[in-house]
Amino acid sequence: TPYVTLSHWALPQGLLSPPEKRAWWARDDDTGEPIPEIQEEFLSFVDTCFTAFGDRVKMWFTFNEPWTMTFLASGWGKAPCHPDLSEQSKDPYIAAHNVLNAHAAAVDLYRRKYQKKQGGKIGITLNSDWREPKTSDPQDVAAALRGMAFNLGWFADPIFGGQGDYPPSMRRFMGDRLPKFTFDQKALINGSADFFALNHYGSGWSTYSEKPGADNAYASVTNDGLVHGQSAWLYGAGWGLRKLLRWVHHRYGHPIIYLTEGGWSIKAEDVSTGIADKERALYYYNYTAEMARAISEDGIDVRGYFAWSLMDNYEWERGYLERFGTVYNDYRPGWDANAPVAQMSQPTAGLQVRTRKFSSCWLERVTRENALTHPDNFNGCIDPSIFSGNWTDARQPHCPRRMTVDKSGLSGHVFGANNDSPAGCNGKTDKVWGPLRAAISGGTVVIDFAGLGGSDRLQGFWNNRTKTIDWSDGGFWMPIEELVLV
């Protein structure tokens, strides 16, 4: 079942082009109150998505991380941002107000027009670290609670809190800077989610601060003693996830929870260091173990956990420098004159081989066996020698292939036979070919089949369940005991 996010920060320039269009940051210039400048465009967009894809999509998310797209964008310069909309004392709260109202309107549209006949669910993806009091001092405890309320509660309370409004403590501390919902807006936003979707990565220690700070919570956050990922902001603590789940569970009346993101960044300069990511597997082991305890011991209804991410990719402002993937992507970094920063380390055209990391194979084992194996007790991915042997192509019945793997495990050769007959190879009129050079990286093999009318860089991946080589063009090779070439 696809899980689809409708809006993940990006907007057409025609909708975010100050001063003409201020999108979610739009306000009445006389009163300063938020106005739904692009809400109708957003509703038209989501209506189109529900119509076109609702027969297949049963899990919808209106927005991804509204805290990030409003608070970090206004004043911190994160995506999406604009210098004219970066007054941190007011712009994030205007944007958040408009986003929450647009979310509520989209959910109302789906429930009225589509939910009964399509049978889907809809919500919004929120994000939060856990804030643990650094000491038992009541001021530190209160600072941690305010930090949670002013970040996660800012968006969760209006939807799940029962009143359709921001946290009372946030209103008390911020006064008139926090916009007010109308009676009708409160009615629409209250309960406007069928589940609680949450992105969570790390934790930190909260202490009382005499200064309000950027979020006005009068709290400072440190990370002493916590494991640090490659990302400057990422500090891991599996126990923090369990405490966060308990906070959501008790504050919002025991909702169904989906953990829609969580992951660990590790620096890697090449494939050999990149695939040796036991640290990432340990992160998932600890976090999944704490999630399991929250389910079995605390009675929390967690329905899913999504790992970020499948493979190394473009990480917003960090570009390709930080790697969260469970699959290593060889970007072949080089010069790109059009890149705004780091022109010497941008992906280049060519053979960008993808290789499964230790964490990918570990996650596969956990999923297949439905058991949480400690990474120390897991031997890792398959050895490249698995490709050495005799194979047959499902698209060429009875046509043999043989692959050899060099001692280095990084290269080899393949040769075989084809036959245009629907019956496949017969050992008499077959066309023998090869050897073709094979580039091998872990459980990935790349072969140039251009001379046979195929791709010049066809990638194959070892399938541990079926014991086949699955090719990127949809084909697969099965192992055979004997090889017959004429």
Side-chain angles (χ1 to χ4, degrees), residues 270-276 310-312 326-332 347-358 360-361 364 379-486:
D270 52 47
V271 64
S272 62
T273 57
I275 63 175
L310 173 63
M311 64 185 67
D312 298 328
T326 62
V327 174
Y328 182 87
N329 195 340
D330 183 0
Y331 299 126
R332 298 170 62 89
T348 60
L351 187 58
Q352 296 187 11
V353 178
R354 296 166 180 168
T355 307
R356 294 182 69 186
K357 303 179 185 180
F358 178 96
S360 171
C361 299
E364 179 186 3
N379 294 327
C381 299
I382 57 96
D383 189 272
S385 62
I386 196 73
F387 292 117
S388 181
N390 303 320
W391 307 87
T392 186
D393 189 337
R395 293 176 174 175
Q396 291 274 334
H398 314 296
C399 292
R401 283 93 175 84
R402 176 162 182 77
M403 194 180 308
T404 62
V405 178
D406 299 341
K407 291 182 178 180
S408 67
L410 301 176
S411 62
H413 294 84
V414 60
F415 54 90
N418 288 351
N419 196 310
D420 295 333
S421 168
C425 291
N426 54 31
K428 298 178 180 179
T429 59
D430 305 335
K431 301 175 183 177
V432 178
W433 49 263
L436 306 179
R437 186 165 180 80
I440 302 172
S441 180
T444 303
V445 58
V446 185
I447 302 174
D448 181 357
F449 284 106
L452 300 177
S455 170
D456 63 348
R457 56 191 67 170
L458 188 65
Q459 297 193 36
F461 306 92
W462 174 252
N463 187 322
N464 198 46
R465 180 177 64 86
T466 60
K467 310 302 181 185
T468 58
I469 302 174
D470 294 351
W471 296 96
S472 55
D473 65 353
F476 62 93
W477 289 4
M478 301 168 288
I480 56 175
E481 292 185 3
E482 296 184 8
L483 179 72
V484 179
L485 292 174
V486 177

Q: Go through the steps for Asp406 and Ser408 under the test side chain to side chain donor-acceptor pair (under 3.5 Å), then give the verdict.
A: CA-CA 5 Å; Asp406 299 341; Ser408 67; 5.0 Å; no

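Closest approach of Thr326 to Ser360, counting heavy atoms only: O-CB, 3.0 Å. Across all non-hydrogen atoms, the minimal contact from Ser441 to Val271 is OG-CG2, 3.6 Å. Gly460 and Ile469 make their closest contact through CA-CG2, 4.0 Å (heavy atoms, listed as atom of the first residue, atom of the second, distance). In this structure, Gly424 and Cys399 approach most closely via the heavy-atom pair C-SG, 4.2 Å. The shortest non-hydrogen separation linking Ile275 to Tyr328 is CG2-CB, 4.1 Å.
Note that the CD1 atom of Ile382 and the NZ atom of Lys467 stand 9.5 Å from one another [nearest 0.5 Å]. Here the straight-line distance linking atom CD1 of Ile440 with atom CZ of Phe387 works out to 6.5 Å at 0.5 Å rounding. Taking CG of Asp393 as the start and CE of Met478 as the end, the distance is 8.0 Å to the nearest 0.5 Å. Within the model, atoms CG of Asp470 and CG of Asn463 stand 4.5 Å from one another, a figure rounded to the nearest 0.5 Å. Rounding to the nearest 0.5 Å places OG1 of Thr468 at 12.5 Å from CZ of Phe461. For the atom pair CE of Met311 and NZ of Lys357, the computed distance is 10.5 Å after rounding to the nearest 0.5 Å.
Counting heavy atoms from C-beta outward, Leu436 and Leu452 have side chains that approach closer than 4.5 Å. Two residues are said to be in side-chain contact when any heavy atoms from C-beta on lie closer than 4.5 Å; Leu458 and Asp473 meet this criterion. Annotation: side chain of Met403 is not in contact with side chain of His413 (no heavy-atom distance under 4.5 Å).
Between Trp471 and the choices Phe476, Trp477, Trp462, the ring pair (Phe, Tyr, Trp, His ring centres under 6.0 Å) rule is met once, by Trp477.
For the pair Asn329 (side chain) and Arg354 (backbone), a donor-acceptor distance under 3.5 Å is absent. Of the possible polar contacts, one joining the Ser455 side chain to the Arg457 backbone as a donor-acceptor pair under 3.5 Å is found. Checking side-chain atoms of Asp270 against main-chain N and O of Thr273 turns up a donor-acceptor pair under 3.5 Å.
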Quick one: side chains of residues 414-422, donor-acceptor pairs under 3.5 Å with protein atoms, not counting sequence neighbours, listed by atom name and distance.
| from | atom 1 | to | atom 2 | distance (Å) |
| --- | --- | --- | --- | --- |
| Asn418 | OD1 | Arg401 | NH1 | 3.3 |
| Asn418 | OD1 | Arg401 | NH2 | 2.6 |
| Asn418 | OD1 | Trp433 | NE1 | 3.2 |
| Asn419 | OD1 | Ser421 | N | 2.9 |
| Asn419 | ND2 | Thr429 | OG1 | 3.0 |
| Asn419 | ND2 | Asp430 | OD1 | 2.8 |
| Asp420 | OD2 | Lys431 | NZ | 3.3 |
| Ser421 | OG | Ala423 | N | 3.2 |

